[in-house]
Amino acid sequence: MSIEVRNLSKSFVDGHMAVRGVSFELGEGEMTAFLGPSGGGKTTILRMIAGLEKPSGGEIYISGQRVDHLPPQERKIGVVFQNYALFKHMNVFENVAFGLRVQKQRPDVIQARVRELLRRVDLQGLEGRFPDQLSGGQRQRVALARALANEPRLLLLDEPFSAVDAQLRKELRSWVRKLQQDLHITSIFVTHDQQEALEIADRVVVFRQGQLEQIGTPEEIYDSPDTPFVAAFVGEVNRYRTVIKNGVTDLGVLQFPAGNVPEGQEVVVIVRPENVELMPWSAAADIQGIVLATTFLGEFYKVDLELADLVRITAHVPKALGGALREQERVALQIKATKIFNVA
Amino acid sequence: MKPLQLSPQAERVPLARATTAPPMELGKWALGSMVTGYVLLLIILPIGQLLLTTLEGGWQRFIAALTQPHAWFALQITLGLALIAAVINTVTGTVCAYALVRYPLPGKRVLNALVDLPFAIPTAVSGLMLLMLYGPKSWLGKTFSLYGIEIVYATPGIVLAMIFVTFPFTIRAVQPILQEMGQEMIEAARTMGANRWQVLWHVELPTILPGILAGFTLTFSRALAEFGSVVMVAGNIPFKTQVASVYIYGEVENGDFVGAGAVSIVLLLISFGLLLYQNFWMKRQRFGWWERILARWTRRKERAGELENWDI
């Protein structure tokens with residue numbers, strides 16, 4: 001049940017190019033996150049895969065079968081909508097049974113299957129409830145059961161956790177992840193929350209302005225971003241724009257080796273705050289700085305520092321150390337990892 | 001110190017508060033009785049007087065007034081034609097609302113504004129317009145009479161007038177529900193394997209059904225009561241075009257208040273019944289019966305389950 005997208009594009013009637021020639025391939029049984037800022041085209045791509053939006057160009061294959069010309073009802077996919085889109089005039093049972101009914105399944109088959117699905121999503125006993133009598137989490141589980149009723153080849157979830165509060169969101173996403181793994185169903189979910197994407201996806205696809213920015217495992221996306229945009233989108237970064245001079249970055253005290261980047265090349269340097277280590281000040285240290293401000297963030301302190309030549313940097317430091325820091329205090333710094341991107 | 005134990009004094013406090021009404025309560029009470037009094041004066045009192053005057057002479061006179069051939073005919077024809085008008089308008093109104101919401105029609109905004117026009121036009125003017133258009137001197141009326149179809153001063157004219165004045169009801173009852181419904185439910189149904197017809201029958205129609213039924217009851221009640229346009233288009237021909245409201249007017253002119261009142265009470269009861277139905281019964285229904293009817297209609301030969309036992 002792999003899915004392949006080739007050179008997919010979409011322009012709307014108003015001329016807006018929402019998707020510009022996107023290609024990728026996703027493996028069977030994987031959970032993929034479409035990540036990106038709003039307007040990145042991720043929802044449009046999801047809707048094109050679902051058949052709810054007609055591509056302006058390109059091809060979509062599900063398990064090797066070309067589907068982009070098929071109406072949604074012939075694609076064998078399940079979709080969970082952002083606001084669930086439950087049928088208000090039907091109770092929980094009928095909502096879940098809908099897909100089976102329109103496929104003209106036998107009543108006893110429908111009964112058995114709906115019961116099984118409701119057991120799966122832990123909603124037994126609520127068959128007779130109507131959507132307006134359910135909590136947000138229950139509605140989402142109905143939407144999920146409903147999407148799974150016809151044994152889809154592919155499950156698509158459009159911002160599935162955005163309509164519930166933060167606490168429930170965490171519970172729901174690990175629950176959805178577990179269900180997805182149990183069923184081993186190829187799934188794609190759209191999100192703009194990088195934490196969510198990194199936490200439950202096998203693979204993350206980052207979109208920006210209708211183009212694919214990077215595709216990879218959460219580790220690859222976080223640790224070896226292909227572009228400064230990806231680096232900044234999937235976590236906190238210190239971002240510097242400079243040139244290569246004498247084989248190092250020309251950033252005053254921050255002289256990172258250029259590697260094979262040619263002399264004079266314009267670059268963007270990315271340093272993640274957790275890769276900035278603070279140490280007691282010593283006159284011999286290569287990099288020295290002054291603490292401007294510390295902010296307590298629960299699990300760590302965010303420390304803003306000013307280095308020589310007015311270069312600023314943000315560090316994430318452990319509680320024990322961060323709590324002891326004072327403003328205007330002098331410290332020594334060590335940068336454990338950086339990433340240098342050529343500017344085109 | 002026993003902070004958890006309530007002192008006798010503390011227990012008394014809420015009681016004391018309940019007996020002395022603060023100024024807000026007084027204001028509420030005054031406003032409440034004002035509204036009640038106003039409704040009483042404006043609605044209950046006239047209805048009471050109607051019942052009193054009509055039933056003064058006893059039930060037998062009431063029944064006699066009602067079963068008087070003119071009265072009985074007027075009631076029958078009014079109910080029948082109002083029903084026809086309501087059915088026609090409910091169907092066309094639903095289609096119009098659907099088209100206005102779902103399709104990018106040219107001149108949609110103008111069309112949408114025109115829908116309300118029959119409400120704004122005085123009904124006598126509506127009647128006059130229809131009379132001029134379909135009357136014996138007009139080209140259209142002449143064409144119809146060539147084929148032996150009478151419109152003006154006949155029942156088709158009454159139905160036409162009723163349809164015209166009640167035109168906006170169903171559209172305006174269905175339109176907001178359709179708009180609010182949006183596309184998501186329909187898209188969800190499509191991804192679950194429903195084709196366009198199944199979406200229409202199982203998702204869209206049941207969702208807008210409350211609006212359709214509300215439109216129907218409103219149209220029917222209003223058509224029952226129509227006077228101005230009907231009398232203009234169809235006149236006042238006993239046993240032909242004399243509808244209930246026109247009959248009532250005639251009886252009053254003749255000084256027969258019981259005859260007028262008897263027919264009025266029947267109209268009133270029907271309207272009141274529809275109103276009750278609209279307010280209390282319909283709002284609680286979730287239209288499971290609609291799905292049941294559909295299931296009966298579309299019962300098909302049972303097919304062997306095609307779902308292989310999916311491992312869930």
Side-chain angles (χ1 to χ4, degrees), chain A residues 13 47 50-53 71-91 94-110 112-113 116-117 119-121 130 132 143 145-152 154 156 158 179 182-185, chain B residues 104 176-213 282-312:
Chain A
V13 273
R47 288 175 60 83
L52 300 170
E53 214 77 71
Q73 70 265 29
E74 286 167 33
R75 295 192 184 192
K76 294 215 80 176
I77 40 147
V79 184
V80 175
F81 288 82
Q82 189 169 2
N83 296 313
Y84 315 140
L86 298 181
F87 303 129
K88 289 178 207 148
H89 60 285
M90 293 183 198
N91 61 24
E94 288 303 322
N95 263 285
V96 178
F98 182 85
L100 302 161
R101 289 218 196 281
V102 295
Q103 302 284 321
K104 292 156 199 138
Q105 293 291 335
R106 265 178 24 208
D108 54 320
V109 174
I110 294 176
R113 176 113 184 104
E116 176 60 23
L117 282 162
R119 192 189 58 76
R120 262 284 169 191
V121 300
F130 283 86
D132 57 9
R146 191 176 73 164
L148 292 170
N150 276 336
E151 298 174 19
L154 179 65
L156 305 173
D158 185 10
L179 186 74
D182 289 353
L183 298 176
H184 197 68
I185 180 170
Chain B
I177 304 180
L178 263 177
Q179 256 152 4
E180 188 208 357
M181 183 184 170
Q183 286 292 323
E184 274 208 327
M185 266 207 267
I186 297 160
E187 290 180 344
R190 302 266 287 150
T191 62
M192 279 183 277
N195 60 36
R196 287 186 191 281
W197 278 108
Q198 287 169 321
V199 170
L200 183 66
W201 285 104
H202 297 281
V203 179
E204 291 188 286
L205 267 182
T207 307
I208 60 173
L209 203 57
I212 296 175
L213 291 180
M282 218 180 68
K283 280 182 184 158
R284 286 183 200 172
Q285 286 292 308
R286 289 184 191 270
F287 305 105
W289 55 269
W290 171 258
E291 285 295 317
R292 258 173 268 139
I293 292 170
L294 267 187
R296 213 162 293 154
W297 279 354
T298 58
R299 184 169 291 156
R300 291 175 178 89
K301 52 181 185 267
E302 299 194 338
R303 296 197 306 180
E306 278 171 3
L307 290 174
E308 63 261 35
N309 260 334
W310 200 41
D311 180 30
I312 78 156

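By convention in this document, chain letters (A, B, ...) are assigned in the order of the sequence lines, proteins followed by strands, and residues within each chain are numbered from 1.
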State whether the side chain of A:H89 and the backbone N or O of B:H202 hold a donor-acceptor pair below 3.5 Å, judged by distance alone.
yes
Once rounded to the nearest 0.5 Å, what's the spacing between atom CD1 of B:I186 and atom CG of A:L52?
11.0 Å
CG-CD distance between A:D158 and B:E187, expressed to the nearest 0.5 angstrom:
9.5 Å
Chain B heavy atoms under 4.5 Å from A:L179: which part of the residue, side chain, backbone, both or neither?
neither
Is the shortest heavy-atom distance from the side chain of A:Q73 to the side chain of B:Q198 under 4.5 Å?
no
Go through the atoms of A:N83 and report whether side chain, backbone, both or neither lie under 4.5 Å from a heavy atom of chain B.
both
Pairs of heavy atoms under 4.5 Å with chain B: top-ranked of A:H184, A:E74, A:R75, A:R146
A:R146
Please name the pair of heavy atoms, one in A:F81 and one in B:A188, separated by the smallest distance, quoted to 0.1 Å.
CE1-CA, 3.3 Å
Tightest non-hydrogen contact, residues B:M185 and A:F87, listed as O-CE2, 3.4 Å
Atom of A:N95, atom of B:M192 and distance for their closest heavy-atom approach:
O-SD, 4.5 Å
Which residue pairs pass the salt bridge (Lys or Arg N to Asp or Glu O under 4.0 Å) test when at least one of the two sits in residues 199-210 of chain B, sequence neighbours left out?
B:R102-B:E204
